[in-house]
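Each remark here refers to the structure printed beneath this line.
This is a predicted model, so every value here is computed, not measured.
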Amino acid sequence: MNRLKLSLLFIAFFIPFLLFSTEIKKETRVFATKDNQELKMDIYSTDSVFTTKQPCLVFVFGGGFKEGTRDAELYKDYFDYFANRGFKVISIDYRLGMKGQKAPSVFNTKPLRNAIYIAVDDLYSATNYLLENADELNIDTSKIIISGSSAGAMTVLQADYRQRNLRRIKTIKKLPPDFQYAGVISFAGSIFSTEGLPSYTQHPAPTLFFHGSGDKLVPYAQTRLFNLGVFGSKPLAKRFKEQGYSYTFYTMENIGHEVSEYPMKEFLPEIERFIQDFVFDKKQWMLDINLKDKFRKSDTSTNPGNYYK
């Protein structure tokens with residue numbers, strides 16, 4: 001075997017290990033100050049030298065809009081996995097609008113509506129910060145993907161929905177009109193709507209839904225009174241399919257709200273595959289996946305009434 005072949009063999013064998021074992025750096029910055037609160041973002045990246053701009057994965061934490069932190073240990077595997085694969089991973093703060101509030105219902109929507117509104121507003125502010133500093137951060141602004149858990153999942157779904165409906169929602173003007181998110185990843189999320197099941201004036205971003213069919217905290221189906229309500233992953237995925245929007249929907253059968261967390265540990269390759277196929281390769285697929293794990297025990301008793309105390 002000649003020297004050139006040996007060199008190529010060395011590169012092919014060792015580069016993946018070098019890439020995926022690089023130390024991950026964490027940098028914290030303030031991206032906005034609102035209501036006398038500094039809103040911070042943690043930026044996770046590696047020391048690897050990239051010859052092209054990096055895709056960006058933004059994360060919004062969960063906690064019912066009343067609690068939670070951007071750097072909770074349970075998210076570490078998710079951050080590390082994608083930072084090691086060349087993503088700039090950003091985990092952000094947002095104001096907690098449901099802190100100290102009573103449980104939301106169709107007869108008590110104002111606190112929840114406000115909480116979603118300010119969370120989306122803060123996500124938009126973080127996104128603008130990334131757009132304004134994209135060159136310094138080496139971010140490809142055409143590949144900014146937003147993801148979230150529970151309340152964070154509601155935030156990212158709502159943020160893309162609002163950005164795609166600028167003509168309808170006149171009061172929202174936070175992002176450049178020509179900017180759109182490249183993808184959305186929702187771990188047990190929903191959209192709040194006063195117009196019935198959400199519809200889009202522009203195609204939504206390719207969306208990955210994870211949801212447990214036994215989720216009573218963030219509805220898998222919907223909670224509504226006439227046109228007002230919270231619409232979960234099941235009706236949203238149905239709408240996507242009817243309109244021909246690209247998506248993947250994982251239904252975790254008979255599982256409760258823990259779907260807001262464990263896919264970020266146990267479904268990392270599937271999430272990466274979604275990003276590659278739907279966001280980077282722009283495949284126009286519509287996938288519905290029903291998954292039943294006979295060995296996973298689930299507590300489906302958590303609901304708004306016993307969560308907001």
Side-chain angles (χ1 to χ4, degrees), residues 57-70 72-79 81-82 91 98 103-104 112 116 119 145-160 183-192 206-223 230-241 247-275 278 286-308:
L57 180 64
V58 179
F59 179 73
V60 185
F61 64 83
F65 299 105
K66 71 183 182 76
E67 58 190 356
T69 60
R70 68 181 187 276
E73 183 66 23
L74 63 93
Y75 306 133
K76 187 177 186 300
D77 289 347
Y78 184 60
F79 299 160
Y81 185 91
F82 284 100
S91 185
M98 284 297 293
L112 178 62
I116 295 171
I145 302 161
I146 49 176
S147 64
S149 166
S150 188
M154 296 174 70
T155 301
V156 298
L157 288 170
Q158 200 88 32
D160 188 63
V184 178
I185 302 171
S186 166
F187 302 103
S190 64
I191 289 179
F192 181 90
T207 301
L208 173 58
F209 301 94
F210 284 94
H211 218 134
S213 66
D215 194 337
K216 295 183 178 66
L217 184 57
V218 177
Y220 168 77
Q222 61 187 25
T223 302
V230 176
F231 298 85
S233 301
K234 182 179 180 181
L236 291 177
K238 182 180 179 182
R239 172 69 84 192
F240 273 51
K241 189 171 188 177
Y247 73 93
T248 296
F249 177 28
Y250 280 87
T251 292
M252 308 309 202
E253 295 185 12
N254 303 320
I255 304 296
H257 195 61
E258 59 264 42
V259 176
S260 65
E261 297 179 358
Y262 75 78
M264 285 182 279
K265 291 181 178 289
E266 299 180 25
F267 285 80
L268 292 169
E270 288 80 5
I271 298 167
E272 183 183 13
R273 174 50 57 189
F274 165 82
I275 293 173
F278 286 78
M286 292 171 282
L287 299 179
D288 293 278
I289 301 168
N290 283 13
L291 192 151
K292 185 173 179 62
D293 184 347
K294 294 190 295 183
F295 296 103
R296 184 180 292 277
K297 304 300 180 182
S298 179
D299 179 4
T300 59
S301 63
T302 303
N303 59 56
N306 57 37
Y307 183 74
Y308 293 91

Run the side chain to side chain donor-acceptor pair (under 3.5 Å) test against Glu67 and tell me which residues pass, sequence neighbours left out. Tyr307
Residues Gln158 and Ile191: closest non-hydrogen pair is OE1-CA, 3.5 Å
Lys292: what forms a salt bridge (charged side-chain N to carboxylate O under 4.0 Å, His left out) with it, not counting sequence neighbours? none
Please answer whether the main-chain N or O of Asn303 pairs with a side-chain N or O of Asn306 as donor and acceptor at a distance below 3.5 Å. yes
Output all residues satisfying ring pair (Phe, Tyr, Trp, His ring centres under 6.0 Å) with Phe192, sequence neighbours left out; order by chain, then residue number. none
Below 3.5 Å, can you tabulate the donor-acceptor pairs from side chains in residues 209-221 to any protein atom, sequence neighbours excluded?
from   : atom 1 : to     : atom 2 : distance (Å)
His211 : ND1    : Ser233 : OG     : 2.7
His211 : NE2    : Asp215 : OD2    : 3.3
His211 : NE2    : Val218 : O      : 3.0
Ser213 : OG     : Asn254 : N      : 2.6
Asp215 : OD1    : Leu217 : N      : 2.9
Asp215 : OD1    : Val218 : N      : 3.1
Asp215 : OD1    : His257 : ND1    : 3.3
Asp215 : OD2    : His257 : ND1    : 2.8
Lys216 : NZ     : Thr300 : O      : 3.2
Tyr220 : OH     : Thr251 : OG1    : 3.0

Look up atom OG in Ser260 and atom CZ in Phe187, then write down how far apart they are to the nearest 0.5 Å. 9.5 Å
Which heavy-atom pair separates Ser301 from Asp299 by the least distance, and what is that distance? OG-OD1, 2.6 Å
Residue set satisfying salt bridge (charged side-chain N to carboxylate O under 4.0 Å, His left out) with Lys265, at least two apart, ordered chain then number -> Asp77
Taking only residues two or more places apart in sequence or in another chain, which ones pass side chain to side chain contact (heavy atoms under 4.5 Å, CB included) with Ala119? Phe65, Tyr94, Thr155
Checking Tyr75 now: which residues fulfil side chain to side chain donor-acceptor pair (under 3.5 Å) with it, not counting sequence neighbours? none
Would you name the heavy atoms of Ala151 and Gly64 that are closest together and state the gap between them? CB-N, 3.7 Å
Mind checking what makes salt bridge (charged side-chain N to carboxylate O under 4.0 Å, His left out) contact with Arg70, not counting sequence neighbours? Asp42, Asp93
Residues which pass ring pair (Phe, Tyr, Trp, His ring centres under 6.0 Å) with Phe274, listed by chain and number, not counting sequence neighbours: Phe278
With rounding to the nearest 0.5 Å, note down the distance linking OG in Ser186 to CZ in Phe249. 9.5 Å
Return the set of residues passing salt bridge (charged side-chain N to carboxylate O under 4.0 Å, His left out) with Lys238 (not counting sequence neighbours), or none when no residue passes. none
Test side chain to side chain contact (heavy atoms under 4.5 Å, CB included) applied to Arg296 - qualifying residues, sequence neighbours left out: Ile255, Tyr262, Glu266, Asp293
Residues at least two apart in sequence or cross-chain that pass side chain to side chain donor-acceptor pair (under 3.5 Å) with Ser147, listed by chain then number, are Tyr78
